[in-house]
Asker: 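Input: one structure, supplied below.
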Amino acid sequence: MQAGIDQIGFYTPNKYLDIVDLAYARNQDPNKFLIGIGQSKMSVADQTQDAVSMGINATLSYLDKIDRAKVGLLIIGTESGVDQSKSASLFIKSALKLAPDVRTFEIKEACFGMTAGIMVARDYVRLHPHHSAIVIGSDIARYSVNTGGEVTQGAGSVSMLIKAEPSILALSNGHSAYSADINDFWRPNDSAVALVNGKYSKEVYLDFFKRTFTDYQNKTDLETSDFSALLYHLPFVKMGFKANQLAIEGQTEATAKRLETNFTASAQYSREVGNIYTASLYLGLLSLLENGALTPGALIGLFSYGSGAMGEFYAGEVVADYEKVLDRRADEKMITRRQKLTVTEYEEIFNEALKLPQDNLELKSDEETGYWYFAGTKDHVRQYKQK
Ligand code: COA
């Protein structure tokens with residue numbers, strides 16, 4: 001029995017900042033951001049979008065296609081948690097009207113959280129083949145206005161249904177993991193924005209990629225040339241590009257070209273959306289599936305990285321007719337529907353979103369009808385509403 005990804009849903013908030021405008025405002029050469037970092041836009045979340053509402057919205061895009069009664073597990077991976085105690089997934093479970101006997105919880109290990117959830121879900125489905133699992137990654141990447149990390153912000157969520165005999169990607173057995181207690185990126189309890197040692201984080205990311213990819217190949221007897229595509233956690237596109245350059249070193253021209261072409265296809269959505277932490281690797285998977293050319297059975301390798309730090313490499317095979325399950329036009333519209341902000345508007349929204357909402361003051365959303373949003377707190381209890 002195969003277990004894997006059967007549905008993929010994606011949501012990003014309805015506002016964006018153009019990276020060229022940001023470059024001019026920060027007295028930087030636009031090519032540093034466009035080429036050196038590899039980004040062209042970034043989504044901006046206002047006060048009414050958080051990890052919960054974005055996770056609901058991502059899942060809604062496929063919810064009417066699945067058998068809700070069979071969902072036995074709901075996991076959210078996030079580093080933008082809305083409560084120190086209660087899992088963000090409970091608000092989501094309620095909005096999605098999942099069964100009372102669903103097992104649900106939140107996982108945290110920086111950007112690795114969604115991968116941890118997928119691995120748990122894969123093994124759960126193997127033991128319970130008549131049940132499925134929803135795994136969500138949902139985050140707002142915030143580094144602060146006028147910092148080095150500012151250009152690598154973003155917001156969004158990817159949701160997946162993991163089930164037996166999947167329609168999109170059959171996950172292979174095994175994985176290769178590597179962890180170390182380091183301080184490349186973290187967010188203390190009293191801070192709404194991340195602290196980062198940016199250059200160090202780039203070095204560690206590449207080191208973890210080399211270790212886990214090599215270890216995976218040794219364990220499985222697979223070679224780089226066996227992969228149709230390699231996907232990477234994409235905090236910014238240039239980071240994945242650097243890892244891909246390491247992967248293709250010494251490969252034949254055909255292998256290098258294939259992996260480069262598919263990397264470009266995988267980075268298309270991230271270039272527009274920015275960093276969405278836990279879900280960035282999976283936005284790359286969606287982008288590859290919708291913009292690349294893959295044949296049934298194509299082997300895809302996935303490198304997940306969470307600062308702190310945890311790395312993991314695993315793989316899956318593309319299922320025939322996967323494209324019929326996806327809605328490329330809807331995913332592209334999710335990106336193109338966004339309204340452009342000036343740098344001043346972005347700064348105002350950014351600073352407003354950092355504040356704790358005033359209790360018992362209802363927040364209004366300018367989202368389209370049908371989307372969920374955070375409506376403020378009522379007697380300190382978070383309220384979520386559908387527009
Ligand atoms: N045209 C083209 N490229 C240019 C350029 C120009 N005019 N000016 C600079 N560059 C290139 C640099 O050569 C560099 O390329 P390289 O990475 O191949 O060496 C790149 O742009 C970035 O320049 P750098 O000076 O390193 O930028 P920075 O000091 O502003 O920091 C980050 C960049 C990514 C470290 C910073 O944005 C950050 O801390 N981000 C958050 C951390 C993160 O996401 N880490 C990833 C691991 S999870």
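Ligands are counted one by one from 1 in listed order, and the atoms in each one are counted from 1 as well.
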Asker: Relative to atom 43 (C) of ligand 1, which among Cys111, Ala23, Ser307, Ser201 owns the nearest non-hydrogen atom?
Answerer: Ser201

Asker: Under 4.0 Å, heavy-atom basis, I'd like to know which part of Tyr143 is in contact with ligand 1: side chain, backbone, both or neither.
Answerer: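 The answer is the side chain of Tyr143.
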
Asker: If we only count N/O pairs under 3.5 Å, is Tyr205 in contact with ligand 1?
Answerer: no

Asker: Relative to ligand 1, is Asn31 under 4.0 angstrom through side chain, backbone, both or neither, heavy atoms considered?
Answerer: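 The answer is both, backbone and side chain.
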
Asker: May I ask you to check whether Arg126 and Asn173 show a side-chain donor-acceptor distance below 3.5 Å?
Answerer: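 Checked: Arg126/Asn173 side chains pair up, N/O donor to acceptor below 3.5 Å.
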
Asker: Return yes if some donor-acceptor pair links the side-chain N/O of Asp139 with the main-chain N/O of Thr278 below 3.5 Å, else return no.
Answerer: yes

Asker: Short N/O distance, under 3.5 Å, between Lys242 and ligand 1?
Answerer: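 Such a contact does occur with ligand 1.
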
Asker: Could you check whether Asp366 pairs with Lys15 (Lys NZ or Arg NE/NH1/NH2 to Asp/Glu carboxylate O, under 4.0 Å)?
Answerer: yes

Asker: Is the closest heavy-atom distance from Phe236 to ligand 1 below 4.0 Å?
Answerer: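 True for this residue.
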
Asker: Under the salt bridge (Lys or Arg N to Asp or Glu O under 4.0 Å) definition, can you give me all pairs with a residue in residues 271-299, not counting sequence neighbours?
Answerer: Lys41-Glu272, Glu272-Arg338

Asker: Would you say the rings of Phe112 and Tyr305 are close, in the sense that their centroids are separated by under 6.0 Å?
Answerer: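 Judged by ring-centre distance (under 6.0 Å), Tyr305 and Phe112 do not meet the cut-off.
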
Asker: Is the ring centre of Phe185 less than 6.0 Å from the ring centre of Tyr277?
Answerer: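 Yes; Tyr277 has its ring centre under 6.0 Å from that of Phe185.
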
Asker: Check Lys86 with Glu106, please: is the shortest side-chain N to carboxylate O separation under 4.0 Å?
Answerer: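 Looking at Glu106 and Lys86, the cut-off is not met.
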
Asker: For atom 17 (O) of ligand 1, tell me which residue out of Lys32, Gln153, Glu203, Lys202 has the closest non-hydrogen atom.
Answerer: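 Comparing heavy atoms across Lys32, Gln153, Glu203, Lys202, the nearest one to atom 17 (O) of ligand 1 lies in Lys202.
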
Asker: Return yes if a side-chain donor-acceptor contact under 3.5 Å exists between Thr255 and Thr252, otherwise no.
Answerer: yes

Asker: Mind checking what makes ring-ring contact (aromatic ring centres under 6.0 Å, His included) contact with Phe303, not counting sequence neighbours?
Answerer: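 Per chain and number, Phe303 pairs via ring-ring contact (aromatic ring centres under 6.0 Å, His included) with Tyr205, Phe209.
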
Asker: If I apply the N/O under 3.5 Å rule, does Tyr305 come out as touching ligand 1?
Answerer: no

Asker: Distance under 4.0 Å to a non-hydrogen atom of Lys238: what atoms of ligand 1 satisfy this?
Answerer: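 Answer, ordered by atom number: 15 (O), 16 (P), 18 (O).
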
Asker: Give yes or no for whether the N/O distance cutoff of 3.5 Å, strictly under, is met between Met239 and ligand 1.
Answerer: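 No; the residue has no nitrogen or oxygen that sits under 3.5 Å from a nitrogen or oxygen of the ligand.
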
Asker: Please write down residue, atom name and distance for the protein heavy atom closest to atom 33 (C) of ligand 1.
Answerer: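 For atom 33 (C) of ligand 1, the nearest protein heavy atom comes out as Ile37 CD1, 3.8 Å.
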
Asker: Nearest protein heavy-atom contact for atom 40 (N) of ligand 1: which residue, which atom, what distance?
Answerer: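 Answer, as residue, atom name and distance: Thr152 OG1, 3.3 Å.
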
Asker: Can you check whether a protein heavy atom sits less than 4.0 angstrom from atom 9 (C) of ligand 1?
Answerer: yes

Asker: Can you list the ligand 1 atoms lying under 4.0 Å from a non-hydrogen atom of Gly149?
Answerer: 37 (O), 38 (C), 40 (N)

Asker: Specify whether the nearest protein heavy atom to atom 13 (O) of ligand 1 is under 4.0 angstrom away.
Answerer: no

Asker: For Asn275, is at least one N or O under 3.5 Å away from an N or O on ligand 1?
Answerer: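 Looking only at distances, the answer is no, because the N/O contact criterion of under 3.5 Å is not met.
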
Asker: As an exercise, identify every atom of ligand 1 less than 4.0 angstrom from a heavy atom of Asp29.
Answerer: 7 (N)

Asker: Salt bridge check, Asp321 against Lys324: does any charged N sit closer than 4.0 Å to a carboxylate O?
Answerer: yes

Asker: Between the side chains of Asp215 and Arg211, is the shortest nitrogen-to-carboxylate-oxygen separation below 4.0 Å, so that they form an ion pair?
Answerer: no

Asker: Side chain or backbone of Glu150 under 4.0 Å from ligand 1, or both, or neither, by non-hydrogen atoms?
Answerer: neither

Asker: Evaluate Lys199 for polar contact with ligand 1, using N/O atom pairs at a separation under 3.5 Å.
Answerer: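 Lys199 vs ligand 1: N/O contact under 3.5 Å present.
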
Asker: Met114 and side-chain contact (heavy atoms from CB on, under 4.5 Å): which single residue from Ile107, Ile76, Ile75, Val135 fits?
Answerer: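 That would be Val135.
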
